[in-house]
Amino acid sequence: MKEWWIQVGLLGIPLLAVYLHIPPPQLSPELHSWKSSGRFFTYKGLSIFYQDSWGAVGSSEIVVLLHGFPTSSYDWFKIWEGLTQRFHRVIALDFLGFGFSDKPRPHQYSIFEQASIVEGLLGQLGLQNQRIHLLSHDYGDTVAQELLYRYERNRTGRLLIGSLCLSNGGIFPETHHPTLLQKLLKDGGLISPILTRLMNFFFFAKGLTVVFGPYTRPSEAEMWDMWAGIRTNDGNLVIDSLLQYINQRKKHRDRWVGALASMAVPLHFIYGPLDPVNPHPEFMNLYRKMLPQSTVSILDDHISHYPQLEDPMGFLNAYLNFINSF
C-alpha cells in the first residue's frame, strides 16, 4: 500500500502517547516506609522531604547527610542505623528536584539554592546555631562546598560546621568525567527534553550500572527504588536542568575548591577507587596535592562511585574512624 507510512504513523502516535504517560512505579515496602517515616518542610512555597532521627543517648553531635545525583536521601539507608548509634541526631533531605521533594519546571536549579535549602531546613529545626557535621556524596559534595564557603566567610552565616567528610564527588572539574548520558542531557539543547521523556527504567538502569563496581551492583529491586524516586513528581523531566550543576562546578571552581583549601575544620574523603566518574589515580593524586591537610580513606579496589551502597560497613567504619579522631 502506497501510504503504509501513514498507517504506521497513526498507530505509532497513540502508542507513543501511552508510553509517555506510563505512571511511576509503585513504591516498594522499604521505600514506602522511608517516605512514611520522613517529613516535609516548605521552602519558598516548595515542599522538601527530609528525615530526622534521634539516636545515641548521651551524645550531642548532629550529622547532616547530603546525597548525590540522580538519587535521593535513600542512598544513606544502609548506614542509617549505624549513624544513629553514634550521633544524637541524623538528618538527611531530598534536594529540590530529587526524591520526594518538589520538582518544579521550568526552574533554574542551582547549587546555591540547594545550600540555602539546607540552611532553611536546619533553621526550621532550630539548629542554625549548633555545630553540625556534614557527610556528603557526589552532588552533595558541591552543596557542602558552598555551605563551607558561606561558613568561612560568615555570609548567610547561620550554619556552624564542625567537620566535613566528602565521598566520590567531582570537586575538581578537571578530573571529573561525566557519563555519556549525562553529557547528552546537560548539553543536548532541544534533544535533552526529548531524551528525558523517552527515558525508561531500562535505559536508566543501564546508565547507572556503569558507575557501580562489577561485584557491588544494586539488585533489580534496589534499582527500581532509585527509579521510583526519580519518577516521583515527574522527576525524569527535570534531570537535564539538574545536570547544569556540572557547568556550575566549572564556573565556580575557584570559589568551591578554595573553600576546601582554606577550611580550618577537620576534612576527610572516603573514596571508592574504581569510580569511572572520578578515576583513580588521577583524582586522588590531585586531591592530595590540592588538599594536603585532608585525611583520606580509600576503600577496596572493587568499590566504585556509590561507596555507601557498595560497601556500607567499610564506608561507615571509615567515617566513624574519622569522627572519632578529633
Side-chain angles (χ1 to χ4, degrees), residues 4-25 46 67-72 94-99 101-114 138-143 168-170 172-212 217-218 223-253 275-279 304-306:
W4 61 269
W5 56 271
I6 297 179
Q7 295 189 28
V8 171
L10 291 174
L11 178 63
I13 289 172
L15 290 176
L16 180 61
V18 170
Y19 174 82
L20 293 176
H21 289 85
I22 294 175
L46 298 165
H67 70 81
F69 176 92
T71 41
S72 70
D94 288 351
F95 291 124
L96 185 69
F98 295 82
S101 292
D102 278 352
K103 298 166 180 175
R105 68 181 198 276
H107 187 83
Q108 296 294 321
Y109 291 91
S110 77
I111 294 297
F112 301 103
E113 181 180 41
Q114 305 287 19
D138 186 65
Y139 183 96
D141 285 356
T142 310
V143 178
N168 284 79
F172 306 118
E174 57 268 43
T175 61
H176 181 248
H177 301 274
T179 65
L180 176 60
L181 183 58
Q182 287 179 333
K183 292 177 182 177
L184 290 173
L185 286 169
K186 79 179 181 69
D187 297 324
L190 295 176
I191 297 176
S192 297
I194 298 173
L195 290 176
T196 59
R197 283 162 174 77
L198 294 178
M199 187 181 299
N200 58 24
F201 173 76
F202 173 78
F203 290 112
F204 163 74
K206 189 175 180 62
L208 194 64
T209 296
V210 299
V211 302
F212 283 81
R217 289 172 179 164
M223 196 69 81
W224 271 108
D225 282 342
M226 295 178 186
W227 180 238
I230 291 171
R231 282 298 318 275
T232 297
N233 298 330
D234 293 325
N236 56 302
L237 301 183
V238 303
I239 285 180
D240 54 336
S241 299
L242 292 171
L243 274 166
Q244 297 310 307
Y245 80 92
I246 296 176
N247 296 328
Q248 292 167 29
R249 279 175 172 169
K250 294 179 180 178
K251 182 177 180 179
H252 303 290
R253 181 198 184 280
D275 187 357
V277 182
N278 306 286
S304 188
H305 185 67
Y306 273 86

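All heavy atoms count here, side chains included; hydrogens, waters and symmetry mates do not.
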Participant: What are the two closest non-hydrogen atoms of Pro104 and Leu96, and how far apart are they?
Facilitator: CD-CD1, 3.8 Å

Participant: Provide the closest heavy-atom pair for Asn247 versus Lys186 in the form atom of the first, atom of the second, distance.
Facilitator: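 Residues Asn247 and Lys186, closest heavy atoms: OD1-NZ, 3.3 Å.
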
Participant: Ion pair present between Glu174 and Lys250, side-chain N to carboxylate O less than 4.0 angstrom?
Facilitator: no

Participant: Lys103 and Thr232: which non-hydrogen atoms are nearest, and at how many Å?
Facilitator: NZ-O, 2.6 Å

Participant: Report yes or no: do Arg249 and Thr142 form a side-chain donor-acceptor pair below 3.5 Å?
Facilitator: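 Yes, a side-chain donor-acceptor pair sits under 3.5 Å.
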
Participant: Checking Gln244 side chain against Asp240 main chain: does a donor-acceptor pair fall under 3.5 Å?
Facilitator: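 Confirmed, Gln244 side chain pairs with Asp240 backbone.
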
Participant: Keeping the roles fixed (side chain from Asn236, backbone from Thr196), state whether a donor-acceptor pair exists under 3.5 Å.
Facilitator: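 Yes; judged by distance alone, with no hydrogens or angles, the pair exists.
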
Participant: Could you measure the distance from the CD1 atom of Ile111 to the CG atom of Leu242? Nearest 0.5 Å is fine.
Facilitator: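 Taking CD1 in Ile111 and CG in Leu242, the distance rounds to 9.5 Å.
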
Participant: Considering all heavy atoms of both residues, which atom of Leu185 and which atom of Met199 are nearest to each other, and what is their separation?
Facilitator: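 So the minimum-distance heavy-atom pair works out to CD1-CE, 3.9 Å.
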
Participant: Using a 4.5 Å cut-off on heavy atoms from C-beta on, say whether the side chain of Met223 contacts that of Thr209.
Facilitator: yes

Participant: Keeping the roles fixed (side chain from Asn233, backbone from Gly235), state whether a donor-acceptor pair exists under 3.5 Å.
Facilitator: no

Participant: For a side chain to side chain donor-acceptor pair (under 3.5 Å) check, start with the C-alpha distance between His107 and Glu113, then their side-chain angles and the critical distance, and finish with the verdict.
Facilitator: CA-CA 11 Å; His107 187 83; Glu113 181 180 41; 2.9 Å; yes

Participant: Side chains of His177 and Asn278: donor-acceptor distance under 3.5 Å anywhere?
Facilitator: no

Participant: NZ/Lys206 to OG1/Thr179 distance, rounded to the nearest 0.5 angstrom?
Facilitator: 12.5 Å

Participant: Main chain of Gly97, side chain of Ser101: is a donor-acceptor contact present, judged purely on distance under 3.5 Å?
Facilitator: no

Participant: Between Thr71 and Tyr306, is a side-chain contact (heavy atoms from CB on, under 4.5 Å) present by the stated rule, with each step listed?
Facilitator: CA-CA 11 Å; Thr71 41; Tyr306 273 86; 3.1 Å; yes

Participant: Could you grab the distance from atom CG of Leu237 to atom OG of Ser192, nearest 0.5 Å is fine?
Facilitator: 12.5 Å

Participant: Any donor and acceptor pair, going by atom type alone, linking the side chain of Ser304 with main-chain N or O of Val211 inside 3.5 Å?
Facilitator: yes

Participant: Specify the closest pair of heavy atoms between His176 and Gly170, including all atoms of both residues, with the distance to one decimal.
Facilitator: CD2-CA, 3.7 Å

Participant: Which heavy-atom pair separates Pro70 from Ile230 by the least distance, and what is that distance?
Facilitator: O-CG1, 3.4 Å

Participant: Keeping Asp141 on the side-chain end and Gly169 on the backbone end, is there a donor-acceptor pair under 3.5 Å?
Facilitator: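 At least one qualifying donor-acceptor pair exists.
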
Participant: Go through the steps for Ile246 and Phe69 under the test side-chain contact (heavy atoms from CB on, under 4.5 Å), then give the verdict.
Facilitator: CA-CA 11 Å; Ile246 296 176; Phe69 176 92; over 6 Å; no

Participant: Restricting to ring-ring contact (aromatic ring centres under 6.0 Å, His included), what partner residues turn up for Tyr139, sequence neighbours left out?
Facilitator: Phe95, Phe98, Tyr245

Participant: Is there a donor-acceptor contact under 3.5 Å from the side chain of Gln248 to the main chain of Tyr109?
Facilitator: yes

Participant: side-chain contact (heavy atoms from CB on, under 4.5 Å) for Phe201 and Arg231? Distances and angles first, verdict last.
Facilitator: CA-CA 10 Å; Phe201 173 76; Arg231 282 298 318 275; over 6 Å; no

